[in-house]
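A short worksheet on the structure shown next.
What you see is a predicted model; the values in this text were computed from it and never measured.
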Amino acid sequence: MKAAKYDWQMPKIEEPTPSFVEASEAYQLSPVLAQLLWNRGIKTKEALHRFIQPEMTDLHDPYLLYDMEKVIERLHEAVIAEEHIVIYGDYDADGITSTTVLKEALELIGADVETYLPNRFTDGYGPNVERYQDLIKKGAQLIVTVDNGVSGQEAIAYANSQGVDVIVTDHHELPSELPQAYGIIHPRHPKGAYPFKDLAGVGVAFKVACALLDDIPLELLDLVAIGTIADMVSLTDENRAMVIWGLQQIKQGARIGLNELLLICGEKVSEVNEGTIGFSIAPRLNAIGRLGDPNPAIDLMTTFDKNHAQELAEVFNQLNQQRKDLVEIATKEALQQIMPENKIHLLVGENWHEGILGIVAGRVMQETGQPAIALTHKEDGLLKGSGRSTAALNMFEMLEKSRELLATFGGHHAAVGLSLLKTNLPLLQEAINHYLLEEQIDLTKGLPLAIDGELAIETVDLSLIQSLQRLAPYGMHNPIPQFVFKNVSVRESRSIGSEQKHLKFVLDNDKGHQVDGIGFGFGQDQSEFETENIHLVAQLTINEWNGHTIPQLRLQDYQVSTIQVFDFRGKKHHQQLDFTEKTLFVAFSKKLYKVFKEKQKHPVIYVENIESFKELYVSEHSCSQLVVIDTPVVLDWVKVIIHETQISRVYILGLSSDEAYLEGLGSREQYAKLFKLIKGQDQLDVRHKLPAMATYTGIPVQLLIFMIQVFVELEFVTLENGLLKNIDEPVKRALTESEIYQARQRKIKNEEFLLLSDLAMIKSWICH
């Protein structure tokens with residue numbers, strides 16, 4: 001049995017209405033796609049039209065945003081009076097694009113405008129009093145925030161005291177008390193009633209631009225698409241419409257800096273989609289703010305100089321590679337610190353870069369399915385870092401309970417920033433472990449994985465996959481469709497890639513249908529796929545290779561609900577026995593028991609007979625896996641042990657302490673040769689002469705020992721204190737009368753089964 005990594009969440013299936021089905025057929029949507037849209041809440045003809053074919057009229061009136069009229073009047077006054085306007089942005093992709101949108105909109109009406117993106121390390125996030133002082137001293141007469149500001153009470157109060165108005169445009173969580181700004185544009189303003197609450201910072205800035213220009217500036221929608229996708233806001237309603245049109249705008253190639261950035265990413269401008277933004281453009285824009293001064297990003301987005309754009313794009317690409325390298329190292333080090341007894345992981349690095357800690361915490365959370373906080377050392381004994389949480393835990397509320405242990409702290413449900421004295425770290429770990437118990441928060445299920453429905457292998461074809469593209473662009477609240485495939489068989493599987501990190505497999509079912517699959521990052525799970533009746537969740541993709549186009553599943557998660565048997569026979573598998581899950585090792589020979597007892601951190605039991613196992617296992621409970629080291633005298637002992645422990649993951653190691661199967665019982669000629677040797681000597685010191693005896697007779701040492709034991713049991717010879725002596729005129733008896741001989745016969749038969757049978761036969765024997 002193999003549990004799923006994620007918490008699979010199946011949709012509540014209900015039949016679409018006939019009118020919706022009719023509407024979906026008018027758009028030539030497949031039944032699978034129509035059902036999927038219905039499950040996602042699109043249930044009217046009008047909603048379907050806005051989703052499939054959004055129009056400019058679907059955008060909401062910017063003046064529905066509270067304070068918009070007042071803000072636009074103030075901006076026009078500033079332009080007429082030739083006031084110096086400073087746009088104060090943020091250091092991430094949303095902040096960069098927000099700043100650029102408002103800058104270009106203001107320049108179109110002749111404004112004297114300057115931009116400033118704060119430095120993550122010296123300024124921090126949002127309005128900063130010292131920075132406002134500096135900007136006002138240099139001539140700022142009006143400050144406009146984008147993608148920040150609603151929590152900037154102190155800095156905004158200072159600006160007011162200097163006679164400088166501050167206009168806030170933001171989309172972040174609203175504090176209980178808003179700053180005394182000249183105007184606040186926010187889709188969730190407590191006095192407003194804007195129809196769509198989930199605009200990104202760039203979406204809010206674009207709404208200001210629309211009102212300012214009294215038009216919809218299509219040429220700015222490329223920036224809106226980038227910021228909206230990068231900030232992972234809901235890709236529904238007008239966000240979806242703006243991203244669709246923004247992607248079209250990017251494909252026109254009008255923004256030189258963006259073209260150069262795409263080129264250095266190896267992306268084609270004509271093929272840009274939401275994935276290009278999410279995996280190529282956004283990380284490079286974010287990297288500059290994570291590692292240093294983000295202000296060159298505005299130059300990249302606005303320059304008309306191709307050479308300058310090329311230089312900047314190269315810098316951004318190098319910074320992103322540096323960021324990736326730092327994240328890779330820190331994440332590896334963080335995962336090595338994981339302690340299973342902690343359900344929330346506090347991880348500390350000596351030299352982890354402060355700008356990547358949020359990513360590291362997120363990576364650890366994805367890997368473990370549990371919340372994580374990544375911290376790095378600062379001056380004066382401080383630790384500073386970021387945390388990321390699952391839906392099951394409000395990390396902000398949890399840390400609020402331990403605020404006295406923290407030097408600084410802020411954030412929301414899923415993400416926090418904090419600092420604390422290093423000496424308080426054990427106290428914080430203890431406090432959060434106690435919080436989980438007190439609040440009875442269950443973090444064992446893993447991260448939620450939304451599933452859109454169940455499909456059969458035979459339904460997966462190119463036409464279905466192509467029809468699902470009508471859902472794009474994908475994003476928050478409109479994710480890539482994921483389907484579960486139940487009780488399928490893995491026809492073949494293999495690890496691929498330079499480091500064998502990925503998994504290639506073929507599924508089939510009892511109807512003879514097949515489909516290829518790829519699992520990125522699943523290479524280490526290859527042995528898990530040597531099974532039948534596997535359930536897996538996958539996205540549907542198209543694999544184009546060497547002129548061929550075929551359907552392909554992209555694996556997201558899997559589980560096996562039946563007993564699993566793994567073939568670890570052969571020395572190549574022995575290095576894989578370092579299990580992280582608690583594992584019971586069972587040996588049926590004292591020699592192998594001693595070997596494994598010395599080198600294994602997991603419990604190892606020597607089973608002389610099945611009753612002894614039942615007595616010993618009382619103290620060795622709660623193991624999730626079983627390793628059968630060698631072969632028992634009674635083969636059914638293996639089945640009894642599996643039944644007693646209720647273990648459903650069994651590894652067959654198939655070692656032999658005496659090579660019984662390979663060396664056999666000994667031939668008549670070998671027994672005759674040994675008997676003749678013994679007859680010809682008064683006595684033989686087997687303690688010292690055994691190798692010489694083996695050489696003389698040509699009988700392997702282990703087999704020779706066995707044959708001597710048979711002779712002793714049948715009273716052909718005596719063995720005392722290591723001295724082997726002949727018995728005059730022994731009673732003639734058949735070798736098969738020896739219990740030792742009979743036991744070896746049974747063991748050879750058992751070893752033959754465990755060593756030579758294929759895995760399917762062994763599993764069938766275990767299960768029946």
Stepwise side-chain hydrogen bond (donor to acceptor under 3.5 Å, both in side chains) test for E544 and T549: CA-CA 5 Å; E544 297 181 10; T549 302; 4.7 Å; no
Within the distance-only criterion (no hydrogens, no angle test), does the side chain of [X] pair as donor or acceptor with the backbone N or O of [Y] below 3.5 angstrom?
X    : Y    : value
R290 : G355 : yes
E274 : Y474 : yes
N160 : Q180 : yes
T100 : M301 : no
D67  : K70  : no
H186 : H172 : yes
N394 : F396 : yes
D94  : G201 : yes
T303 : L300 : no
N239 : S234 : yes

Derivation of the side-chain contact (heavy atoms from CB on, under 4.5 Å) call for Y88 and V146: CA-CA 6 Å; Y88 193 95; V146 291; over 6 Å; no
Heavy-atom count around [X] [atom1] within 6.0 Å, excluding the residue itself: above 12?
X    : atom1 : result
E69  : CD    : no
Q466 : CD    : yes
K197 : NZ    : yes
E14  : CD    : yes
E154 : CD    : no
Q162 : CD    : yes
F121 : CZ    : yes

Would you call [X]-[Y] a salt bridge at under 4.0 Å N-O?
X    : Y    : value
R40  : D452 : yes
R188 : D198 : yes
E46  : R50  : no

For the residue pair [X] and [Y], establish whether any side-chain heavy-atom pair is separated by less than 4.5 Å.
X    : Y    : value
V204 : P187 : yes
L64  : F196 : no
H76  : I109 : yes
P118 : N128 : no
I167 : V208 : no
V168 : V150 : yes
V484 : W8   : yes
L102 : V144 : yes

Minimum-distance pair of heavy atoms, taken over all atoms of [X] and [Y]:
X    : Y    : value
V21  : P16  : CG2-CB, 4.0 Å
F51  : R240 : O-NE, 2.9 Å
M68  : Y63  : CG-CD2, 3.8 Å
V243 : P473 : CG1-CG, 3.7 Å
I256 : A309 : CG2-CB, 3.9 Å
H84  : Q141 : N-OE1, 2.7 Å

Can you measure from [atom1] ([X]) to [atom2] ([Y]) and round to the nearest 0.5 angstrom?
X    : Y    : atom1 : atom2 : result
D61  : L65  : CG    : CG    : 8.5 Å
W38  : L29  : CH2   : CG    : 14.0 Å
T97  : D147 : OG1   : CG    : 7.5 Å
L262 : E271 : CG    : CD    : 11.0 Å
Q539 : I480 : CD    : CD1   : 4.5 Å
D305 : D299 : CG    : CG    : 10.5 Å

Return yes if a side-chain donor-acceptor contact under 3.5 Å exists between Q321 and N317, otherwise no.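 The answer is no; no qualifying pair exists.
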Given the rule in the side-chain hydrogen bond (donor to acceptor under 3.5 Å, both in side chains) test, do E314 and Q310 qualify, once you have shown the distances and angles that lead to the verdict? CA-CA 6 Å; E314 178 61 39; Q310 288 174 342; over 6 Å; no
Report the C-alpha separation of R284 and R323 in whole Å, then their side-chain angles, then the decisive distance to 0.1 Å, and conclude whether the side-chain contact (heavy atoms from CB on, under 4.5 Å) test is met. CA-CA 9 Å; R284 285 165 174 80; R323 187 270 308 167; over 6 Å; no
Could you give all pairs that pass the salt bridge (Lys or Arg N to Asp or Glu O under 4.0 Å) test and reach residues 220-239, with sequence neighbours left out?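 Listed by first then second residue: K207-E238, D222-R255.
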Pair listing, salt bridge (Lys or Arg N to Asp or Glu O under 4.0 Å) test, anchored in residues 161-171, at least two apart: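 Sorted result for residues 161-171: R74-D165.
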For Y158, which residues count as a ring pair (Phe, Tyr, Trp, His ring centres under 6.0 Å) partner, sequence neighbours excluded?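 Checked Y158 against ring pair (Phe, Tyr, Trp, His ring centres under 6.0 Å); zero matches.
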Might you work through the side-chain contact (heavy atoms from CB on, under 4.5 Å) test for L220 and E104, ending with a clear yes or no? CA-CA 8 Å; L220 299 179; E104 294 190 350; 3.1 Å; yes
Mind running side-chain contact (heavy atoms from CB on, under 4.5 Å) on F483 and E454 for me, showing each step along the way? CA-CA 5 Å; F483 299 96; E454 181 179 350; over 6 Å; no
Lys/Arg cation over aromatic F20: K45, 6.0 Å, 45° cone: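 No.
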Quiz item: cation-pi between R470 and Y27, 6.0 Å / 45°: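 Verdict for Y27: no cation-pi partner in R470.
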Can you check side-chain hydrogen bond (donor to acceptor under 3.5 Å, both in side chains) on N273 and T276, steps first, answer last? CA-CA 5 Å; N273 58 27; T276 313; 3.1 Å; yes
Please identify which of these residues, D134, T99, N295, D123, meets the side-chain hydrogen bond (donor to acceptor under 3.5 Å, both in side chains) condition with Y116.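 That would be D123.
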Hey, mind stepping through H49 and E55 against side-chain hydrogen bond (donor to acceptor under 3.5 Å, both in side chains) and telling me if it holds? CA-CA 9 Å; H49 179 76; E55 299 175 1; 3.1 Å; yes
